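Let me begin by presenting the structure, written as structure tokens, before commenting on it.
In what follows, every heavy atom counts, from backbone to side chain, and hydrogens, waters and symmetry copies are set aside. Predicted model only: the values in this text are computed from it and were never measured.
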Amino acid sequence: MKNNIIKSEMDVKGSKINVVRISGYEYISLTDLAKTQNDEAPADVVKNWLRNKETLSFLGVWEELNNENFKVVEFDQFKNQAGRHAFTMSPQKWIRETNAIGIISKSGKYGGGTFARSDIAFEFASWISPEFKLYLIKEFERLKRNETYQEKIEWHANRLLSKLNYVVHTDAIKKYIVPTLTEQQIKFVYANEADVLNVALFGMTAKEWRENKPELAKNGNMRDYTDLLHLIILSNLENTNAELIRMNIKQSDRLIQLNKSARNQMEALKNNKNIKELEVLQEQINNDNKTLIENK
């Protein structure tokens, strides 16, 4: 998990609040928030909040909406016990027993503590102080708009791309799911080099796609509607094709090599976990950019 974390920090009314971004999602330190109330025993503040019946109800709903592996039966047992004098709850217990993902707990003197997804952290901050919650939201929004923070995200995305490209060159290939070329496609002379890549990866030219998808073609091209995995492979194919052209390899032979490369890459990458992380990152970046535009 360490390699997938982007760390940052906010200043909320003079208090330093750590934020970590894991697989595209921000987690705010509940430990740091709790220190604003009890600097000596922040863990106790978090535990007191967790044993509250309203808190568990909120967390249960959040997990049901965001976590398909949430253990509802175990949650119901905790919810029924909440509010009793003997009832106790810790972040570790909540995570372990319910398979929760909204809260994470890290050990260690430096960088350790309890973190929660932003909307959960806002709920905790509201329990501490409604006024403090408003300041926290303001600073969190400022962080999301910060150019340096966005650069960290983009750097992380590029790092994942490097990992994916490494997998392309090291994984063994067993199956192919990119269309296999027909003899007619191989013999045809494509005036546009972009269509050489389109046929190698998608099995059709841009014109053929427009004819098959006339409604979609009104608002974009075939590359606008493809997924991230195909775009990654397409980027690699562009580099490969440029090198083959410099080597004076004729188009039909290049097409065969590019199609073979596309099928190899697809098989190597289709189940790679970094693709999933990159998709989440891309979605978050798109959402952040949309928010920036709306707030201008």
Side-chain angles (χ1 to χ4, degrees), residues 1-2 4-8 10 12 17-38 41-108 111-137 140-141 143-144 271 273 276-277 279-281 283-284 287:
M1 180 180 290
K2 181 178 180 181
N4 298 326
I5 293 178
I6 299 174
K7 298 180 180 180
S8 192
M10 298 182 292
V12 183
I17 309 297
N18 282 288
V19 179
V20 294
R21 184 183 178 96
I22 304 174
S23 299
Y25 296 105
E26 277 83 14
Y27 289 77
I28 299 174
S29 173
L30 298 188
T31 301
D32 290 343
L33 294 176
K35 286 180 180 179
T36 64
Q37 299 299 303
N38 188 335
D44 291 341
V45 178
V46 176
K47 289 179 181 178
N48 287 335
W49 176 66
L50 284 175
R51 67 187 300 271
N52 185 283
K53 192 176 188 69
E54 286 73 20
T55 297
L56 288 184
S57 296
F58 171 82
L59 292 177
V61 173
W62 190 96
E63 293 290 343
E64 288 187 48
L65 290 174
N66 296 278
N67 180 9
E68 61 181 14
N69 297 315
F70 182 57
K71 297 181 180 179
V72 179
V73 175
E74 286 78 358
F75 160 66
D76 287 337
Q77 294 176 351
F78 287 146
K79 186 177 178 181
N80 292 332
Q81 298 171 24
R84 299 177 183 177
H85 294 299
F87 177 70
T88 60
M89 179 59 68
S90 67
Q92 295 83 358
K93 182 178 180 180
W94 170 251
I95 297 166
R96 182 179 63 253
E97 299 297 330
T98 67
N99 201 33
I101 62 173
I103 294 177
I104 59 175
S105 184
K106 302 168 57 183
S107 60
T114 299
F115 291 75
R117 290 275 287 274
S118 57
D119 36 5
I120 295 176
F122 295 154
E123 187 73 10
F124 178 59
S126 182
W127 180 77
I128 292 176
S129 164
E131 177 186 5
F132 187 78
K133 172 188 176 181
L134 295 176
Y135 283 101
L136 175 64
I137 293 175
F140 183 69
E141 291 177 345
L143 172 68
K144 298 291 287 295
N271 295 320
K273 65 179 181 179
K276 303 301 181 183
E277 294 180 13
E279 288 174 342
V280 173
L281 278 171
E283 181 181 0
Q284 187 65 52
N287 291 336

> So which heavy atom on Ala121 is nearest to which on Ile28, and how close?
Replying inline: CB-CB, 3.7 Å
> How far apart are the closest heavy atoms of Thr88 and Lys93, and which atoms are they?
Replying inline: O-NZ, 3.6 Å
>> Under the criterion side chain to side chain contact (heavy atoms under 4.5 Å, CB included), I'd like the reasoning laid out for Phe78 against Met89: C-alpha separation, chi angles, the key distance, then a yes or no.
In response: CA-CA 9 Å; Phe78 287 146; Met89 179 59 68; 3.6 Å; yes
> How many angstroms lie between CG in Leu134 and OG in Ser126, if you round to the nearest 0.5 Å?
Replying inline: 8.0 Å
> Going through the checks in order, is the side chain to side chain contact (heavy atoms under 4.5 Å, CB included) test met by Asn52 and Phe58?
Replying inline: CA-CA 10 Å; Asn52 185 283; Phe58 171 82; over 6 Å; no
>> Please report the interatomic distance NZ(Lys71) to CZ(Arg96), rounded to the nearest 0.5 Å.
In response: 10.0 Å
> Rounded to the nearest 0.5 Å, how far apart are OG1 of Thr55 and CH2 of Trp94?
Replying inline: 10.0 Å
> So with a 6.0 Å cut-off around NZ of Lys47, is the heavy-atom count from everything else above 12?
Replying inline: no
> Is the closest side-chain heavy-atom distance between Trp49 and Glu123 below 4.5 Å?
Replying inline: yes
> What orientation do Phe140 and Phe122 show, parallel under 30°, tilted 30 to 60°, or perpendicular over 60°?
Replying inline: perpendicular
>> If I compare all heavy atoms of Asn67 with all of Ala100, which pair ends up nearest, and what's the gap?
In response: ND2-CA, 4.0 Å
>> Just verifying a value: how many Å separate Asp119 CG and Ile137 CD1, rounded to the nearest 0.5 Å?
In response: 10.0 Å
> Quick one: does Arg51's side chain have a donor or acceptor within less than 3.5 Å of a partner on Phe87's backbone?
Replying inline: yes
> Using a distance-only test with no angle check, is there a side-chain donor-acceptor pair under 3.5 angstrom linking Asn69 and Asn99?
Replying inline: no
> Do Asn38 and Asp44 touch side chain to side chain, with heavy atoms closer than 4.5 Å?
Replying inline: no
> Do you know the tightest heavy-atom contact between Thr31 and Thr114?
Replying inline: OG1-N, 2.8 Å
>> Within the 3.5 Å criterion, strictly below it, is a donor on Ser118 or Glu26 matched to an acceptor on the partner's side chain?
In response: no
>> List the residues meeting salt bridge (charged side-chain N to carboxylate O under 4.0 Å, His left out) with Glu64, not counting sequence neighbours, and say none if there are none.
In response: none
> Does Ala116 have any side-chain contact (heavy atoms from CB on, under 4.5 Å) partners at least two apart in sequence or in another chain, and if so, which?
Replying inline: Leu30, Ile103, Ile120
> Nearest heavy-atom pair of Leu136 and Val12: which atoms, and what distance?
Replying inline: N-CG1, 3.8 Å
> Side chains of Leu59 and Phe70: closer than 4.5 Å at any heavy-atom pair?
Replying inline: no
> Does atom OH of Tyr135 have more than 12 heavy-atom neighbours, drawn from other residues, nucleotides or ligands, at distances under 6.0 Å?
Replying inline: no
> Sub-3.5 Å donor-acceptor pair from the side chain of Gln37 to the main-chain atoms of Pro42, do we have one?
Replying inline: no
> Rounded to the nearest 0.5 Å, how far apart are CZ of Phe124 and CG of Leu33?
Replying inline: 6.0 Å
> For Met10 and Val19, which heavy atoms make the closest approach, and how far apart are they?
Replying inline: CE-CG2, 3.5 Å
> Taking atom CD of Gln92 and atom CG of Leu50, what is their separation to the nearest 0.5 Å?
Replying inline: 9.5 Å
